[in-house]
Protein chains: 2
Amino acid sequence: MRAMAAPGLASARRHLRNKPMIENRPGSVSAELIAVLVAVTAGTPRVLTIAEGTSLPSGPLSPEHRSLQAGTRSWVERQTHHPLGYVEQLYTFADNDRNAALGGFGRAISISYLALTREQPKTLDGGASWRNWYDYFPWEDHRQGADLPAPLPAALRAWAQAGANPAARRARKQRAAIAFGLEGRRWNEELVLQRYELLYEAGLVSEAARDGIACHTTPAPRLGHAMRQDHRRILATGIARLRAKITYRPVVFELMPPSFTLLDLQRSVEALAGQLLHKQNFRRLVEQQALVEETGQMAGATGGRPAKLFRFRADILQERAYAGTKPPLPRA
Amino acid sequence: MRAMAAPGLASARRHLRNKPMIENRPGSVSAELIAVLVAVTAGTPRVLTIAEGTSLPSGPLSPEHRSLQAGTRSWVERQTHHPLGYVEQLYTFADNDRNAALGGFGRAISISYLALTREQPKTLDGGASWRNWYDYFPWEDHRQGADLPAPLPAALRAWAQAGANPAARRARKQRAAIAFGLEGRRWNEELVLQRYELLYEAGLVSEAARDGIACHTTPAPRLGHAMRQDHRRILATGIARLRAKITYRPVVFELMPPSFTLLDLQRSVEALAGQLLHKQNFRRLVEQQALVEETGQMAGATGGRPAKLFRFRADILQERAYAGTKPPLPRA
DNA sequence: CCAATAATGCTCAAATTGAGCATAAATAGG
DNA sequence: CCTATTTATGCTCAATTTGAGCATTATTGG
């Protein structure tokens, strides 16, 4: 049996629920850690996958880990053979769907983490690979033109029309418009999860078909590459978090090499955001925030006037990582 | 029993594909749900506690719950006898400290949630009570003057001076300055967790003494009321999240009665933020965002010119809850 | 030398923010 | 009734931030 952690707490709980806690041994569950490990290489945002790109890497929670974050950090580092700059908890899932998938053994809890790193060529074990995250979310890349993938607009309309009653139809239409920036609204790059969930509900991604959700377009579009279980949803959560984070905390730096040009930096931010930025304003922001300093060297010619190389200012970064900063600027 | 500690990617993949998951039962753990349940009553932000205010309410994760969030919602609703407007996951903890405290039964995972509601007088079971959250964080309330509690400034200096070497001392000094808005910096009301963690490390809260952390001030200040385990840290996480959230999402409304004056609304936001707002600007913002509409009625006299009563616009709220909004305005 | 590609410096208008002034409408106390 | 007090509410203004563009400079490849 389980020793009581805090007797006072237990009795209070008895007050609250009229049942002794000890009989209610908090459900024995199994726990795994799932990582969304991100790098940006050559202007492409990439995520580490296993199983031919159909799963995110995951590992069991083990008792020797000091904490969940330490556990994630340690097994990801062992697998990729280089240190993670940044690790942040994303979300904890424990739906009964998962439970069913486990054959009724017990509830499975998945604790997901976002981690940032730089891609290193040869360090991966077999089966693991870096994938362009837009393979999974083609509708999220607006760097070349803001057009949605072809079947989407019509499919969204069909979904909205399939609402049970006029109010539901209106609500669906509005929801699609907000999520996808339709009807004159502007695209909000942070709504990654909302968009994926909408597409799932509308039956427009393979996972929905797998889970028996209907689609009102024929042939049913199957947008983006699918993943097992709910890994694509977790990836969407990670992308959304990262897109939000770069606007107020200087996390891009975790993804950059030691020295880089301002355009390199801009391309990386654009890769993550899926949107182009106004070059001069981007520079103004970066310099005004004093996040970088010149190395004194110039970049090897890249087809135009040579650019200065910069590095991060460790002192400022530390401060900003702690207290936040100001956002960059969207634009086409 | 438990499977491997940190599988290589290849084996992780096997784990996911080739073997039935059931054999690889990732570490068996016990899971509990902890709630930070917040209400604002008469200009005071309150949190629901049990055990004489020393614990947050918590309940075991139970198999009948459809999801973690549904589980939290259902047991909190059963205890408080009224529906939660808003529930959001905060953080998942599983430190080995907890493990030890549980007598080695196995790792305990705590999944914490933030929930918003309105306080209702008579619905609590014995042992539970609403507490002013500033009882736990007196340094967080800047509504009357921006002065920190008396022993704080000197204690922070002492902590900084106790750094092992000049670099450490400088880093500590800067960290304290950022967290507490010293040396001409401005107070950032969202750094609730950072401040609590700093005070813990500096030995200035009772939990630190309990956990054997030294303090460099005598007599050691014991700022704010203590809580069991790491509940005060969880509460700090909840407050920080809520303070951040109100600046870009209209969650205050979950805390308000059906109709209210603009000053009521402002007082509630101020209670959460721990800072006073500029009245005219607050109104400008609220009205410009079209979050509320007049009910046509006036408030019962409160000592001055009668104020119009407002209610929320459900349509707008829904949209903003989904896509976000603009921030309000700090000021003294 | 010319075209193409980047880097970099500068300007400008619109929108947002922070702060204050002034007035109106009530109540409480004499 | 008059006055001080308290709140509501309308309006202005300057500083800053944001979004967008123009112009110039430095290279490379014909």
Side-chain angles (χ1 to χ4, degrees), chain A residues 42-43 142 146 181 186-189 246-248 259-270 273 275-310 324-332, chain B residues 42-43 142 146 181 186-189 246-248 259-270 273 275-310 324-332:
Chain A
H142 284 227
R186 80 189 275 176
W187 176 262
N188 182 341
E189 76 273 9
I246 49 171
T247 70
Y248 63 93
S259 83
F260 49 85
T261 69
L262 293 183
L263 189 58
D264 290 340
L265 184 61
Q266 184 180 345
R267 292 280 175 255
S268 292
V269 173
E270 290 173 340
Q275 287 204 143
L276 297 179
L277 303 176
H278 184 277
K279 189 191 264 188
Q280 296 92 320
N281 291 352
F282 181 81
R283 289 158 162 278
R284 173 173 68 188
L285 185 82
V286 170
E287 290 186 334
Q288 150 203 312
Q289 294 202 159
L291 296 172
V292 300
E293 62 193 1
E294 300 181 13
T295 64
Q297 301 194 293
M298 304 295 277
T302 49
R305 172 174 171 176
K308 291 178 191 159
L309 283 174
F310 291 82
T325 164
K326 312 279 179 53
L329 350 147
R331 202 235 80 110
Chain B
H142 285 227
R186 79 189 276 175
W187 175 262
N188 181 341
E189 76 271 10
I246 49 172
T247 70
Y248 62 94
S259 83
F260 49 85
T261 69
L262 292 182
L263 188 59
D264 291 340
L265 184 61
Q266 183 179 347
R267 292 281 175 254
S268 292
V269 173
E270 289 174 340
Q275 286 204 141
L276 297 180
L277 302 176
H278 184 278
K279 188 191 266 190
Q280 296 91 321
N281 291 352
F282 180 81
R283 289 158 162 277
R284 174 173 67 189
L285 184 82
V286 170
E287 290 185 335
Q288 151 203 311
Q289 294 202 158
L291 295 173
V292 300
E293 62 192 2
E294 300 182 12
T295 64
Q297 302 193 292
M298 305 296 277
T302 49
R305 172 174 168 175
K308 291 177 191 159
L309 283 174
F310 291 82
T325 166
K326 312 280 179 50
L329 350 146
R331 202 235 81 110

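Computed from a predicted structure; not experimentally measured. Chain A is the first sequence line, chain B the second, and so forth, proteins listed ahead of strands; every chain is numbered from 1. Keep in mind that the numbers below use all heavy atoms, side chains included, and drop hydrogens, waters and symmetry copies.
Using a 4.0 Å cut-off, some side-chain N or O of A:K279 falls inside it from OP1 or OP2 of C:dA7. For B:R305 and D:dT6, the shortest distance from a side-chain N or O to OP1 or OP2 is not below 4.0 Å.
Atom C1' of nucleotide C:dT17 and atom CG of B:L285 are separated by 10 Å, given to the nearest angstrom. Straight-line distance from the CD atom of B:Q289 to the P atom of C:dT16: 10 Å, rounded to whole Å. Distance, A:R284 CZ to D:dT17 P: 10 Å, rounded to whole Å. Between the CG atom of B:N281 and the P atom of D:dC11 there is a distance of 15 Å, given to the nearest Å. When the C1' atom of D:dG19 is taken as reference, atom CG of A:L277 falls 12 Å away, rounded to whole Å. Regarding A:L262, its CG atom lies at a distance of 16 Å from the C1' atom of D:dA26, rounded to whole Å. Nucleotide C:dT5 holds its C1' atom 11 Å from the CZ atom of A:R267, rounded to whole Å. D:dG19 atom P lies 10 Å from atom NE2 of A:H278, rounded to whole Å.
Contact detail for A:Q266 and A:L277: the closest heavy-atom pair is NE2-O, 3.0 Å. The minimum heavy-atom distance between A:T295 and A:S259, with the atom names listed, is CG2-CB, 4.1 Å. Across all their heavy atoms, B:P306 and B:A299 have their closest contact at CB-O, 4.2 Å.
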task = Start with the C-alpha gap between B:F282 and B:E270, add the side-chain angles, then the distance that decides, and say whether side-chain contact (heavy atoms from CB on, under 4.5 Å) holds.
result = CA-CA 11 Å; B:F282 180 81; B:E270 289 174 340; over 6 Å; no

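Side-chain proximity of B:Q280 to the nucleotides D:dT9, C:dT8, C:dC21 is greatest for C:dC21. Distances from the side chain of B:R283 to the nucleotides D:dT27, D:dA8, C:dT8 place D:dA8 closest.
Among the atoms of the strands shown, only primed sugar atoms or phosphate atoms (P, OP1, OP2) are found under 4.0 Å from some heavy atom of B:L263.
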